[in-house]
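Here's the structure, in structure tokens; my notes come after.
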Amino acid sequence: YCGELKKWKGAEIGLESVLEFMKIYHNADFTIIGDGPCKNRIKKLREDSIYKERIKLEGRLSLDEVVKKLNNGDIFLYPSYRHGLSTIVLQAMLSGLPVICIEGDETSRCVKENNAGICVSLPESRKELISNISSAINLLANEEELRLKLAINSQTTALKRYNYEIAIQRIIKFYEKINDQK
């Protein structure tokens with residue numbers, strides 16, 4: 001996980017989901033990069049866990065440090081409740097990480113349309129959400145072929161659909177369309 005540690009960004013839900021997953025997969029590691037108002041709650045969840053040595057709280061890092069961490073990962077967990085397509089998700093995709101996210105925003109549309117990870121539906125209960133995210137992590141941990149396929153799709157999507165050249169062309173087309181309407 002990488003992002004601000006705010007309730008709606010989902011770091012706490014992510015940690016709880018990973019802790020659920022670790023009950024089955026004891027040797028998993030989880031890294032949380034970021035800082036924010038939920039930091040103390042996340043620290044407490046970590047400290048209260050028997051897996052605390054496997055959970056790294058990195059705080060804020062430089063972009064170069066973030067990229068290094070992403071390049072050493074296997075899955076990018078981004079359970080934000082509502083967010084546009086964030087740059088950190090694109091950076092994770094560029095690093096070749098399949099994304100686990102929650103359905104309902106631009107991140108999930110990108111992931112779903114490009115088969116670049118797993119989108120978990122937002123159920124009515126927190127307990128069910130944690131279980132669903134944990135199940136998605138478990139699926140990718142146990143299905144290496146699937147994880148690698150999603151990783152390739154993720155990286156290909158970032159390279160081909162969201163690079164600067166394409167973004168600039170979209171902006172130019174947008175302004176040309178506006179100019180034509182005058």
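Heavy atoms only: backbone and side chains are in, while hydrogens, waters and symmetry mates are out.
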What verdict does the side chain to side chain contact (heavy atoms under 4.5 Å, CB included) test give for E106 and S86, after you've listed the backbone C-alpha separation in whole Å, the side-chain angles of each residue and the deciding distance to 0.1 Å? CA-CA 8 Å; E106 279 305 309; S86 72; over 6 Å; no

Please test R161 against M93 for side chain to side chain contact (heavy atoms under 4.5 Å, CB included), starting from the C-alpha separation and ending with a verdict. CA-CA 11 Å; R161 292 193 63 198; M93 292 171 68; over 6 Å; no

Could E12 and K7 be called an ion pair, given the rule that one side-chain N must be under 4.0 Å from one carboxylate O?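 Salt bridge absent between E12 and K7.
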
Do K44 and E47 meet the salt-bridge criterion of a basic N to acidic O distance under 4.0 Å? no

Please check: side-chain N/O of [X] versus main-chain N/O of [Y], any donor-acceptor pairing under 3.5 Å?
{"X": "Y51", "Y": "M22", "result": "yes"}
{"X": "R54", "Y": "N27", "result": "yes"}
{"X": "S154", "Y": "L97", "result": "yes"}
{"X": "K56", "Y": "E53", "result": "yes"}
{"X": "S17", "Y": "I13", "result": "yes"}
{"X": "N72", "Y": "K68", "result": "yes"}
{"X": "R46", "Y": "I55", "result": "yes"}
{"X": "N142", "Y": "N138", "result": "yes"}
{"X": "D105", "Y": "T107", "result": "yes"}
{"X": "T157", "Y": "N153", "result": "yes"}

Hey, could you give me the [atom1]/[atom2] distance between [X] and [Y], rounded to the nearest 0.5 Å?
{"X": "I50", "Y": "K23", "atom1": "CD1", "atom2": "NZ", "value": "9.0 Å"}
{"X": "S80", "Y": "Y1", "atom1": "OG", "atom2": "OH", "value": "7.0 Å"}
{"X": "D35", "Y": "K6", "atom1": "CG", "atom2": "NZ", "value": "11.5 Å"}
{"X": "L148", "Y": "E143", "atom1": "CG", "atom2": "CD", "value": "11.5 Å"}
{"X": "C2", "Y": "E58", "atom1": "SG", "atom2": "CD", "value": "10.0 Å"}
{"X": "I133", "Y": "Y78", "atom1": "CD1", "atom2": "OH", "value": "13.0 Å"}

Which pair of heavy atoms, one from [X] and one from [Y], lies closest together, and at what distance?
{"X": "C101", "Y": "S108", "value": "SG-CA, 3.6 Å"}
{"X": "G59", "Y": "I33", "value": "O-CG2, 3.5 Å"}
{"X": "L70", "Y": "S95", "value": "CB-OG, 3.6 Å"}
{"X": "P98", "Y": "G96", "value": "CD-O, 3.8 Å"}
{"X": "N132", "Y": "S121", "value": "ND2-O, 4.3 Å"}
{"X": "R147", "Y": "D74", "value": "NH1-O, 3.4 Å"}

Side-chain contact test, heavy atoms from C-beta onward, threshold under 4.5 Å: evaluate it for C38 versus K9 and give yes or no. no

Heavy-atom side-chain contact between Q181 and E176 under 4.5 Å: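 Sidechains of E176 and Q181: no contact.
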
Hphob cluster co-occupancy, [X] + [Y], side-chain heavy atoms under 4.5 angstrom:
{"X": "I118", "Y": "Y25", "value": "yes"}
{"X": "I24", "Y": "I137", "value": "no"}
{"X": "L94", "Y": "V111", "value": "no"}
{"X": "I88", "Y": "L159", "value": "no"}
{"X": "F76", "Y": "L146", "value": "yes"}

CD/E124: more than 12 non-hydrogen atoms of other groups inside 6.0 Å: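 No, not enclosed.
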
Flag yes if more than 12 heavy atoms outside R60 fall under 6.0 Å of its CZ atom; otherwise flag no. no

Trace of the salt bridge (Lys or Arg N to Asp or Glu O under 4.0 Å) decision for R109 with E103: CA-CA 7 Å; R109 280 188 277 287; E103 283 187 16; over 6 Å; no

Pick from L77, L57, V18: which one makes a side chain to side chain contact (heavy atoms under 4.5 Å, CB included) with I32? L57

Side-chain donor-acceptor contact under 3.5 Å, E65 with S62: yes

